*Asks:* 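Could you have a look at this structure, given as structure tokens, before my questions?
Chain naming here is simple, since letters A, B, ... match the order of the sequence lines and numbering starts at 1 in each. Bear in mind that the values here come from a model prediction, so they are computed numbers and not experimental data.
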Number of protein chains: 4
Amino acid sequence: MSPRKVDKAARRKEILTAAVKVFARKGFAATRIDDIAAEAGMAKGSVYLYYDSRDALLEAAFEAYRAMSADIFDRAVNGPGPALERLAGLVHAVLDVLAARREPARIMVDLWAASRDAEKSPVDMAAVYGDSRAAIAELLRQADKEGVLRAGVSEHHAAVIVGALEGCLLQCLVDPGLPATELAEPIIQVCLEGLRRPAA
Amino acid sequence: MSPRKVDKAARRKEILTAAVKVFARKGFAATRIDDIAAEAGMAKGSVYLYYDSRDALLEAAFEAYRAMSADIFDRAVNGPGPALERLAGLVHAVLDVLAARREPARIMVDLWAASRDAEKSPVDMAAVYGDSRAAIAELLRQADKEGVLRAGVSEHHAAVIVGALEGCLLQCLVDPGLPATELAEPIIQVCLEGLRRPAA
Amino acid sequence: MSPRKVDKAARRKEILTAAVKVFARKGFAATRIDDIAAEAGMAKGSVYLYYDSRDALLEAAFEAYRAMSADIFDRAVNGPGPALERLAGLVHAVLDVLAARREPARIMVDLWAASRDAEKSPVDMAAVYGDSRAAIAELLRQADKEGVLRAGVSEHHAAVIVGALEGCLLQCLVDPGLPATELAEPIIQVCLEGLRRPAA
Amino acid sequence: MSPRKVDKAARRKEILTAAVKVFARKGFAATRIDDIAAEAGMAKGSVYLYYDSRDALLEAAFEAYRAMSADIFDRAVNGPGPALERLAGLVHAVLDVLAARREPARIMVDLWAASRDAEKSPVDMAAVYGDSRAAIAELLRQADKEGVLRAGVSEHHAAVIVGALEGCLLQCLVDPGLPATELAEPIIQVCLEGLRRPAA
DNA sequence: TATGAATGAGGTTTCATTCAT
DNA sequence: GATGAATGAAACCTCATTCAT
């Protein structure tokens, strides 16, 4: 009559969470479906009821990553307050995420590896960084309209800011000794203050 | 004396070069010993006469990467001229390497992945970045002695500069559309000019 | 009495019909219980309420095939009219079944495969062909009594007639271009006229 | 210097022979690569050095079957002597092969099953039977030119003869009790004598 | 009775590594 | 030293069957 009923979406999320955990711990290449199933507390075959393949799980992890990234950047672009303050908040937000949950961030290296050939792979980190640069560029335009930027700030500077962020994340990832949150202010100083119009 | 010693080292280098080429092209995970042997123009078994395992080849690739990186940074630290000019030269040098030979740089993502567990793996990117930060910090100290830095420049700023460099490399790697060399000047502007003491 | 007995039998038949359809379409080896359940419009688990296993369904398909075959042959043996006319009618009947519903006939190859080891498998095509030969032999005896056969017609000739029938079916199965019904008359000519006593 | 050298073609043949043996014994569906490797006296992985997949082995078995079949029919078509005698010889040859080596013939049912969907599968039994019919039809034309056939013998009679042959083979396959060789003469009588022009 | 989620044994295929020549 | 055939341990994925609801 009332056969076992599961919330498919919830189950997918459970499995994805487990997968991300294991990917973060062992790396995608070294992760076995068995590991994910064990982490999720189910049998190997059950994973396949919700995801078609191991690659599909990485892809799902990418989508989640992309959504999270987009969310952070969107909030900065569309939020209230002076543009440069929102940019500073963005820097803090990104590093806080890493500091709060180191593991999930570790899958980034697997996402980079998976997006090696942009055409063949659905994991498209180029698009993520493109979006990030566009968001930062928009923030810089907003700041420029506010008249707080010095002259000559171009699109390329957005790439540098994104780079500084990701590059600091990267260092924190490979070197657990580096304190992510403490890098926020230096990043802000270097990247933003350097672009700010000198106070008369 | 040792009639074949030179040959042995040359052979190792040949194989390593081939391996790096294939790693760059297909990624470490997708690289087969067969691919490397084919690229090196020899039989699969012969690879094992010079390297103990597939992992040993990645390790060797890491050592080469580390050496190259150390070389670039050392030259900047020990070179002649004003410190900030050497720092600017360093930025150009790093990005020029990427622009000149995109493929070899691609192995970085595999090195990152391999250095996931710092203890177990001989691939230790944390050390590389630690060295890089130390070099930049030394450059900043030199610049400070020259009196060209504004006050309050700390070790963390070195991390930001390394981060900006690596983060821009990363974006260029993932997105072939981004022109590496064109990012050099923006990086220099953002990272260095922002730290420079305002001209009286 | 037993309120659901009729339903149970009907349900079994529904499932069997669905199974035969899918077996015919995809072959037994490629048929999944899911396919059968879908074809029958029920859930996978329900199939197991009526059949113990996938093999049991093939066995049931075999029984149905055997019954149908026995029916056709029995009618020819016990029917009215001259024996050779009944034999000719039998040939037409067999080929007409194939022409009418090509799909169900396709399961024959799966039945042959399943009857590979006569001891272990309940699918026993040897018995079916044995019965067929016996029926044909009986028809030939009847014809002999009617005095219309030439001398020397033995049991083996029954095997040849069965063989010609099945062999033509096989060709039609494998080659959709061959028109089953058009083969009836040639079969009759070759097999029967050749055995008929030359008209004085 | 002189590294291990194997005759690739010979090795392929060895493996194919082993595969055919196991296919015949257990059926294609029930045959595991392990079984084939064991039968060939090698490790599982070695099989894949010579054949790409299990399906490729069935395909190879088909090619061998097709070649053998073509050979027998070609010899009958192009041989010396009266056409009907060659046809009779053909019948004996086909049944003798079965009698001599029952096992290899058993793979026929797997070939039939595999040729279920003519487009997708490289196993094309329809083509084999088409060739067989063409050969028989040619023989009948030759016999007709020799003036030994009665009138009205058409292409369809070739199908009947092929059918009688295959149908008898089939019965012998599923019923080990049926003696293949003893069916040769009845087949010849039914199929050929029935077509022969009555001696004045 | 009906359901369909869960299971896990089992099969194919890959490929790093070994080793006989 | 060089070769490349052979190995066999994994790992992915499938799917018949079970069973809680």
*Asks:* A/Val47 vs A/Leu57, test: side-chain contact (heavy atoms from CB on, under 4.5 Å). Steps then yes/no.
*Replies:* CA-CA 10 Å; A/Val47 172; A/Leu57 274 162; 4.0 Å; yes

*Asks:* Check D/Val20 against D/Ile107 and note the closest heavy-atom contact, atom names and distance.
*Replies:*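 Looks like O-CG2, 3.8 Å.
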
*Asks:* Do the side-chain N or O atoms of B/Arg11 get closer than 4.0 angstrom to the phosphate oxygens (OP1, OP2) of F/dG1?
*Replies:* no

*Asks:* Once you round it to whole Å, what is the distance between C1' of F/dT7 and OH of D/Tyr50?
*Replies:*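 Going from OH in D/Tyr50 over to C1' in F/dT7 covers 12 Å.
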
*Asks:* Can you give the donor-acceptor pairs under 3.5 Å from side chains of residues 32-42 of chain B to other protein atoms, not counting sequence neighbours?
*Replies:*
| residue | atom | partner | partner atom | Å |
| --- | --- | --- | --- | --- |
| B/Arg32 | NH1 | B/Ala29 | O | 3.3 |
| B/Arg32 | NH2 | B/Ala29 | O | 3.1 |
| B/Asp34 | OD2 | B/Lys44 | NZ | 3.4 |
| B/Asp35 | OD2 | B/Lys26 | NZ | 3.2 |
| B/Asp35 | OD2 | B/Arg32 | N | 2.9 |
| B/Glu39 | OE1 | B/Arg25 | NH1 | 3.4 |
| B/Glu39 | OE1 | B/Arg25 | NH2 | 3.0 |

*Asks:* Between F/dA6 atom P and D/Arg12 atom CZ, what is the distance in whole Å?
*Replies:*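 Atom CZ in D/Arg12 sits about 13 Å away from atom P in F/dA6.
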
*Asks:* Between C/Val109, C/Leu111, C/Leu58, which is the residue that forms a side chain to side chain contact (heavy atoms under 4.5 Å, CB included) with C/Phe23?
*Replies:* C/Leu58

*Asks:* Between B/Asp117 and B/Lys120, is the side-chain contact (heavy atoms from CB on, under 4.5 Å) condition met? List the steps.
*Replies:* CA-CA 6 Å; B/Asp117 32 13; B/Lys120 281 183 279 179; 3.1 Å; yes

*Asks:* Kindly express the pairing pattern of DNA chain E in dot-bracket notation, using | wherever a base pairs with another strand and counting only Watson-Crick or G-U pairs under 3.5 Å.
*Replies:* .||||||||||||||||||||

*Asks:* In residues 40-47 of chain B, which ones come under 4.0 Å of DNA chain F, going by heavy atoms?
*Replies:* B/Met42, B/Ala43, B/Lys44, B/Gly45, B/Ser46

*Asks:* List the steps, then state whether side-chain contact (heavy atoms from CB on, under 4.5 Å) holds for B/Asp124 with B/Ser115.
*Replies:* CA-CA 5 Å; B/Asp124 184 1; B/Ser115 62; 5.6 Å; no

*Asks:* Show every donor-acceptor pair shorter than 3.5 Å between a side-chain atom in residues 59-69 of chain C and any protein atom, with sequence neighbours excluded, or say none if there are none.
*Replies:*
| residue | atom | partner | partner atom | Å |
| --- | --- | --- | --- | --- |
| C/Arg66 | NH2 | C/Asp131 | OD2 | 3.3 |

*Asks:* Using heavy atoms to find the nearest nucleotide of DNA chain E for B/Arg54 and C/Leu49 separately, return the residue whose nucleotide is more 5′.
*Replies:*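 It is C/Leu49, whose closest nucleotide lies nearer the 5' terminus.
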
*Asks:* Is the shortest side-chain N to carboxylate O distance from B/Arg12 to B/Asp7 below 4.0 Å?
*Replies:*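 So B/Arg12 does not pair with B/Asp7 through a salt bridge.
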
*Asks:* Report yes or no: is the cationic atom of B/Arg54 (NZ for Lys, CZ for Arg) closer than 6.0 Å to the six-membered ring centre of B/Phe28, at no more than 45° off its axis?
*Replies:*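 Yes, B/Arg54 lies over the aromatic ring of B/Phe28.
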
*Asks:* Provide, to the nearest angstrom, the distance between the OH atom belonging to A/Tyr48 and the P atom belonging to E/dA9.
*Replies:*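 After rounding, the reported distance stands at 16 Å.
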
*Asks:* Taking CD1 from D/Ile15 and P from F/dA6, how many angstroms apart are they, rounded to a whole number?
*Replies:*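 Spelled out: CD1 on D/Ile15 to P on F/dA6 is 8 Å.
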
*Asks:* Please list residues of residues 19-31 of chain C whose heavy atoms come under 4.0 Å from any atom in DNA chain F, ordered by number; otherwise none.
*Replies:* C/Thr31

*Asks:* Heavy-atom count check: over 12 atoms from other residues, nucleotides or ligands less than 6.0 Å from B/Arg101 CZ?
*Replies:*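 12 or below, so no.
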
*Asks:* I need the residues from residues 32-39 of chain A with at least one non-hydrogen atom less than 4.0 Å from DNA chain F; give them sorted by number, or say none.
*Replies:*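 Residues of residues 32-39 of chain A that come under 4.0 Å of DNA chain F are, in numerical order, A/Arg32, A/Ile33.
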
*Asks:* Please classify the nucleic acid contact of B/Tyr51 as base, sugar-phosphate, or nothing, using heavy-atom distances under 4.0 Å.
*Replies:*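 Counting heavy atoms under 4.0 Å across all strands, no contact is made by B/Tyr51.
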
*Asks:* Using side-chain contact (heavy atoms from CB on, under 4.5 Å), reason through D/Leu170 and C/Met108 one step at a time and then give a plain yes or no.
*Replies:* CA-CA 12 Å; D/Leu170 174 60; C/Met108 279 193 298; over 6 Å; no

